[in-house]
Amino acid sequence: MPRRLALDRAVLALGALVLASTAFRFALARGVDAPWIAPDEHLYGLLGRALVRGDGLTVVGEPVPYYSALYPLFVGVTSVVGDLATGLTLTKAAQALAMSATAIPIFLWTRPLAGPRFALFAATLTVLIPGLAYSALLMSEALYYPVAVVATWALARCLQEPTLVRQLVLVVLVGAALATRLQAVGLVAAIALALVVLAVAERSTAPFRRMLPTVVVFGAAGGAWIAGRLVTGGGGETLGAYATLAEAEEYSLSDIASSVAWQTGAVVILTVGVPLVALGVLAWETLRGRELDGAVRALVATALAYLVVTVVEVGVFASRFIEHITERQLLSVAPPVFVAFAVWLARGIPRPQPVTSVIAIAVAASALLLPVERITTRAAAADALSTVPLEYLRRAVSYGTFETLYAAAAAAFLLFAVLAPRRAAPVIAGVVAVALAAGSLVASHEMRTRSQFDRATLFADADVSWLDESGAQDAAFLVTGDRIWPSVWHHLFWNRSIASVVRLRSADSPGVVHQEVVAIREDGVLVLNDGDTIAPPQLVAPATMQMAGEPLAAIEASTEPGLTLWRVEPPARVVQRVRGLQPNGDLYGEQSAKIEVFGCGPGTLELTLLGKQGLTTRIRLNGRLLAERAIPPETVWRPAVPAPADADGSGRCVYELESDGLIGSTRIEFVRSA
């Protein structure tokens with residue numbers, strides 16, 4: 001009866017944990033201005049809307065390579081509830097619940113191995129990791145985390161008792177994980193490696209024979225899929241949107257080795273290290289054939305295999321595409337490690353020597369040998385939330401002090417875990433939990449601060465749906481390179497009225513959205529590669545460009561040029577373009593601004609320039625000096641520079657504005673003669 005009572009209390013506590021975690025994560029998510037990480041979040045949101053409309057995996061009406069099916073659908077369902085902001089809020093709530101509910105399978109996995117109290121502890125660690133902050137964003141981690149964890153639990157159950165029903169469940173869950181993210185292909189390799197680990201532990205090939213149906217299913221499915229792609233001529237796109245991963249000639253073995261080492265260090269930071277020592281101790285006893293509990297052998301085989309395969313898989317990927325650690329693709333390895341940690345704690349923290357010391361040194365080395373720039377760069381924050389506290393510390397102290405503090409803290413804690421008496425086990429567990437909780441708070445604060453800053457950078461005080469609110473329809477978005485490239489993704493996400501994307505050949509616009517690539521002809525007309533013109537009814541262009549047509553709406557921005565919605569006179573034609581000025585019109589000394597007038601004919605370039613430092617300002621036309629003046633501070637110069645005499649409206653005039661000091665400008669306009 002007391003055992004039953006303890007279990008009932010643990011179950012109630014588990015329910016309270018899931019609800020509290022959901023409420024807490026949702027409360028933190030409300031302050032995050034999602035979508036933030038471009039183009040990933042925006043792409044998932046746009047794909048989700050297309051799926052619920054029945055348009056398949058498309059963006060602005062064009063198909064895109066396969067990234068995921070389940071996650072866009074998960075996101076898209078909320079988009080039909082109301083406006084985009086309401087749908088996003090509902091998505092955050094659903095994601096907070098989904099990620100927090102991962103505690104349930106971890107509790108159920110741990111309870112038979114370590115009892116309800118330690119099962120509740122493992123479940124708590126599962127919801128404390130900083131990575132749960134991704135529930136505030138439209139990232140597939142929000143769904144992949146619970147799906148992958150349930151799949152690994154299903155694998156452990158199969159390794160322990162491989163009934164046909166359990167193997168069928170495992171196959172279905174791996175399929176669901178693949179439909180959530182293609183990274184799940186690593187689960188198939190993890191199954192194979194787990195069977196090898198278990199066979200070594202049992203000194204028998206029986207695990208392979210018992211799991212033969214699963215092996216046959218995945219072998220046949222994989223072979224049929226690859227063969228089908230090759231037969232249909234899609235061999236180069238076998239991995240969908242990740243087809244470039246198969247280009248082996250682009251990989252370097254040394255880069256892969258370094259990247260795998262860095263990702264291993266990332267797992268140490270993600271789990272706070274000691275749980276990995278616990279897994280290592282259990283794995284040592286298991287591989288020696290001394291682990292008598294079949295369920296623990298299955299846990300060790302699963303956790304170890306999934307950890308190794310995922311680190312290698314992510315390391316290979318990151319070696320080509322990412323210059324820092326990428327923790328977000330490693331999140332799902334942590335919960336199985338926490339289960340092993342709970343079992344180790346429940347057994348009284350056994351630490352056989354010298355193997356425990358060797359394992360602890362290896363774990364410490366993985367973290368300590370990480371290059372500082374891999375874990376303290378702002379660029380890593382979006383991909384590795386656990387490193388945000390380290391970045392804060394790095395900014396607060398000198399480089400040398402940071403290295404000393406980081407190394408001393410890591411070494412001291414691992415040394416304490418190895419040498420402390422058994423009665424100190426609650427302290428070890430508490431430090432891990434507190435470190436994860438503190439990391440979560442800091443990471444969520446950073447995500448909120450940076451997302452709000454980026455939103456202000458792109459939209460200032462304007463409504464994010466300003467195009468839709470202005471009544472825009474079938475608008476084209478012109479990418480010129482004058483604004484940072486995520487701008488187009490943010491506007492696509494928030495404004496359903498954007499029907500296409502047009503990009504200047506000289507500009508970069510990462511992502512898979514279909515883009516019409518154009519050049520600006522001398523007369524200003526936008527032309528495609530084949531010389532054809534474009535004629536969208538409406539076009540959104542940076543404020544640095546003046547189009548032929550009628551301006552319908554505009555927004556200002558703080559550190560980026562504003563945007564203007566134009567009703568276009570067909571064909572789409574640029575009248576004037578200004579480059580080199582700050583968004584507020586300032587020009588710094590020793591810099592220059594270029595004013596291009598397309599279809600340049602009789603007329604005058606009229607400027608209003610504000611003196612700020614009193615230094616010389618010059619105006620040139622096609623390289624020839626036309627006007628020069630030192631503008632005294634707080635005075636205004638209004639020069640009017642005529643077009644060259646031979647300008648007949650077919651070519652381009654290029655004016656240059658130079659200054660030896662800071663000046664301002666409020667008007668730069670070429671006024672054509674009547």
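Taking both residues in full, the closest heavy atoms of S497 and L467 are given as OG-CB, 3.7 Å, listed atom of the first, atom of the second, then distance. Closest approach of P72 to L51, counting heavy atoms only: CB-CD1, 3.8 Å. Nearest approach of L587 to G580, heavy atoms of both residues: CD1-O, 3.9 Å. The minimum heavy-atom distance linking S665 with G585 is given by the pair OG-O, 2.6 Å.
For the pair R579 and E596, the salt-bridge criterion is met [side-chain N within less than 4.0 Å of a carboxylate O]. One finds a salt bridge joining R667 and E606 here, because a Lys/Arg side-chain nitrogen approaches an Asp/Glu carboxylate oxygen to under 4.0 Å. A salt bridge between D586 and K612 is present, with a side-chain N of the basic residue lying under 4.0 Å from a carboxylate O of the acidic one. Look at E560 and R483 and you find no salt bridge, because none of the NZ, NE, NH1 or NH2 atoms lies under 4.0 Å from a carboxylate O. Contact check on R328 versus D383 returns a salt bridge, with a Lys/Arg side-chain nitrogen under 4.0 Å from an Asp/Glu carboxylate oxygen. Ion pairing between E550 and R567 holds under the 4.0 Å rule for side-chain N and carboxylate O. Ionic pairing of E522 and R652 is present here: one or more N-O contacts between side-chain nitrogen and carboxylate oxygen are shorter than 4.0 angstrom.
A ring-centre distance under 6.0 Å is found for Y44 and Y71.
Listed for the D523 side chain is no donor-acceptor partner under 3.5 Å among the backbone atoms of S650. Without hydrogens or angle criteria, R503 side chain to A507 main chain gives a donor-acceptor distance under 3.5 Å. Distance alone, capped at 3.5 Å, is enough to place a donor-acceptor pair between the D83 side chain and the T86 backbone. Here the side chain of E41 pairs a donor or acceptor atom with the backbone of W36 at under 3.5 angstrom. Side chain of E516 to backbone of S500: no donor-acceptor contact under 3.5 angstrom is found. Between the T617 side chain and the A630 main chain, no donor and acceptor come within less than 3.5 Å of each other.
For the 3.5 Å distance criterion, the side chains of S140 and R181 qualify, holding a donor opposite an acceptor. T533 and R573 share no side-chain donor-acceptor pair at under 3.5 Å. Side chains of Q95 and Y134: no donor on one and acceptor on the other come within 3.5 Å. Side-chain polar atoms of E658 and S592 form no donor-acceptor pair below 3.5 angstrom. Defined by atom type and a distance below 3.5 Å, a donor-acceptor pair is present between the side-chain atoms of T78 and T91. Side-chain contact annotation: T326 with Q329, donor-acceptor N/O pair under 3.5 Å present.
When the options T58, L47, V513 are evaluated for a side chain to side chain contact (heavy atoms under 4.5 Å, CB included) with V64, the one that passes is L47.
Here the OG1-CD1 distance, from T608 to I668, works out to 9.0 Å after rounding to the nearest 0.5 Å. With rounding to the nearest 0.5 angstrom, the CH2 atom of W566 is 11.5 Å from the CE atom of M545. Rounding to the nearest 0.5 angstrom, the gap separating the CG atom in L46 from the CG atom in L138 is 10.0 Å. Rounding to the nearest 0.5 Å gives a distance of 12.5 Å between CG of D33 and CZ of F453.
Ring orientation note: the planes of H490 and F459 are nearly perpendicular, at an angle over 60° on the 30°/60° scale. By the 30° and 60° cut-offs, the orientation of the rings of F477 relative to H491 is tilted.
For R624, the CZ atom counts as loosely surrounded, since its 6.0 Å shell holds 12 or fewer non-hydrogen atoms of other residues, nucleotides or ligands. Heavy atoms of other residues, nucleotides or ligands lying less than 6.0 angstrom from CD of E656 number more than 12. Other residues, nucleotides and ligands contribute at most 12 non-hydrogen atoms within 6.0 Å of the CG atom of D461. For E62, the CD atom is densely surrounded, since the number of other residues' heavy atoms within 6.0 Å is greater than 12.
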